[in-house]
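Everything on this sheet refers to the single structure shown next.
Keep in mind that the numbers below use all heavy atoms, side chains included, and drop hydrogens, waters and symmetry copies. Just so it is clear: chains get the letters A, B, ... in the order the sequence lines come, proteins before strands, and each one is counted from 1.
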There are 2 protein chains.
Amino acid sequence: MESRCENCIIRQFNSLRAMSKEELKRVSDSKTTKVIKKGEPIFQEGEKLDGVFCVRDGVSKLSKLSANGKDQIVKLASKGEVIGQRSVVAEESVNLSAVAVSDMEVCFIPKEGIVSTLHTNPNFTLEVLRHMAHDLKEADDVIVNMSQKNVKQRMAEAFLYLKNNFGEDEEGFLKLILSREDISNVVGTAIESCIRIISEFKKKGYLKTSGKKIGITDEKALTNLVEGF
Amino acid sequence: MESRCENCIIRQFNSLRAMSKEELKRVSDSKTTKVIKKGEPIFQEGEKLDGVFCVRDGVSKLSKLSANGKDQIVKLASKGEVIGQRSVVAEESVNLSAVAVSDMEVCFIPKEGIVSTLHTNPNFTLEVLRHMAHDLKEADDVIVNMSQKNVKQRMAEAFLYLKNNFGEDEEGFLKLILSREDISNVVGTAIESCIRIISEFKKKGYLKTSGKKIGITDEKALTNLVEGF
DNA sequence: CAAAAGATATGATATTTATCAGGTTTTATG
DNA sequence: CATAAAACCTGATAAATATCATATCTTTTG
């Protein structure tokens, strides 16, 4: 099952779209496609990366482990996103671990093709820069949320985020299914607090659940909560 | 008092060093120098910027205001740093406010010179990209600290950060003098908690104070605290 | 320099959140 | 499909942190 970057629609969503035909051809010739099962790592904090990963399908959590054994999820990357870019650009080891939270298909692109294009094609470099500028803004927003919103507000925000970024199924449940532990690692709270707040939101009619699946039943209420009403 | 970018040593610390002679000349011809007094704003959240600011002297806090009226300081920018870059690169309004925390001298560089160089000189674009990659890593670290360290640990870390980045005077006090309110806005805590912890650190012999000045007297103890011992 | 404003400090208390301990339900596996 | 393991849930309690009230010290300003 051969597939070429030139024909890949995913590319439209990331910086690879700014590559020339020739550059893209070179990338396509050097890339390899990998299937990663839910729970498996793509890379670990501290590793040196020899390239970047373009997500074709599925979702990966990017997280950092702390001394006390807790993981903080900094970002969820899905279809179209390129991960490991920061590390390759800065020529540093990765500062985050990437683990699949659903079954994934990713393309590994060796860094040589990326780096040489960065040096010669300003459109591509600028496109990567724009994506990084966007990530930086999002990171700033997370910092502010962490310090100025309480756990209940951050939980509400997390569910709205999951709905807006990954969508709902036909029955109104969030498409991206995360364990309670992963949710608490996104929000930055203890698992028990996370579970307790889900129960509370259910009682109040903001959420519904079915096993691990969670659905939003009162979006307005969650929005109000985030805004501080 | 004329001064040219070509002769400015500050430039060595930021992405302007990757500009060609001609590009730099153009920037220098269009730039204006401004003096900003302590407490005065450089720009405010939501504004559209017509250029970037290169810090020649002094320190600026980059912060974001929340609904409840609290300010979270996301970054302290000093000599050599370029602020407003993210906004100009992404062609978005600024997501943070910049206010001088000490008297400052900055150069305002209209965006035209920057943007056209971004499109034509990949070395410059790559240099800007590398700086942004560094900022993004730092932001990720702040997120993790916020969620995984307690207020006392974050306070300890803040003092070590201030020492490492802005230095000490001859008497061993931190050179950068911040109000207790600014410190609490860096750490993400209530002013009273911030003041209380400073008192506690003084009692334990970790810090000394003299008016607004704060000095570190037991660096090892602060480091241990951060590490969780 | 006196009055006012602002910043710093501390105690008492309330609120939020984490932790511990013990359940139940769900999922994985031989 | 039985059993173990993992994930989920809830209550009780402890710890961390914010808030309110008030006092003192410092700086600014008329």
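Remark: Lys34(A) qualifies as a cation-pi partner of Phe108(A) under the 6.0 Å distance and 45° angle criteria applied to the six-membered ring. Taking the centre and axis of the six-membered ring of Phe173(B), the NZ or CZ atom of Lys208(B) falls inside the cone set by 45° and 6.0 Å.
One finds the CD1 atom of Ile143(A) at 11.5 Å from the CD atom of Gln148(A) (value rounded to the nearest 0.5 Å). Summarising the geometry, atom CD belonging to Glu200(A) is positioned 10.5 Å from atom CG belonging to Leu207(A); distances are rounded to the nearest 0.5 Å. The line from CD of Glu45(A) to CG of Leu65(A) is 6.5 Å long, rounded to the nearest 0.5 Å. Here CD1 of Ile9(A) is found 6.5 Å from NZ of Lys79(A). Values are rounded to the nearest 0.5 Å. The CG atom of Asn145(A) lies 10.5 Å from the CD atom of Gln72(B); values are rounded to the nearest 0.5 Å.
Shown here is Lys38(A), whose NZ atom has no more than 12 heavy atoms of other residues, nucleotides or ligands within 6.0 Å. The number of heavy-atom neighbours closer than 6.0 Å to CZ of Phe13(B), taken from other residues, nucleotides and ligands shown, is 12 or below.
Computed from C1' positions of five pairs at each end, the angle between the two local axes of the helix from dC1(C)-dG30(D) to dG30(C)-dC1(D) equals 50°, rounded to 10 degrees.
Considering Asp71(B), Asn185(B), Asp182(B) in turn, Asp182(B) is the only one that fulfils the side-chain hydrogen bond (donor to acceptor under 3.5 Å, both in side chains) rule with Lys61(B). Considering Leu178(A), Leu176(A), Thr209(A) in turn, Thr209(A) is the only one that fulfils the side-chain contact (heavy atoms from CB on, under 4.5 Å) rule with Ile214(A).
Contact check of residues 218-227 of chain B against DNA chain C (heavy atom, cut-off under 4.0 Å) returns no residues at all. Remark: Thr189(A), Ala190(A), Glu192(A), Ser193(A), Arg196(A) in residues 187-202 of chain A come within less than 4.0 Å of DNA chain C through at least one heavy atom. Residues of residues 143-152 of chain A that place a heavy atom closer than 4.0 Å to DNA chain D do not occur.
The shortest heavy-atom contact between Ile36(B) and Pro41(B) is CG2-O, 4.5 Å. Nearest approach of Ala133(A) to Val89(B), heavy atoms of both residues: CB-CG1, 4.2 Å.
Classification of Asp141(A) and Lys64(B) as a salt-bridged pair holds, one side-chain N sitting under 4.0 Å from a carboxylate O.
Contacts between chain B and DNA chain D, taken as any atom within less than 4.0 angstrom of a protein heavy atom, begin and end at dT17(D) to dC20(D).
Pairs of residues two or more places apart, or lying in two chains, that qualify as salt bridge (charged side-chain N to carboxylate O under 4.0 Å, His left out) and include a residue from residues 86-96 of chain A are Arg86(A)-Glu92(A), Glu91(A)-Arg130(B), Glu92(A)-Lys137(B).
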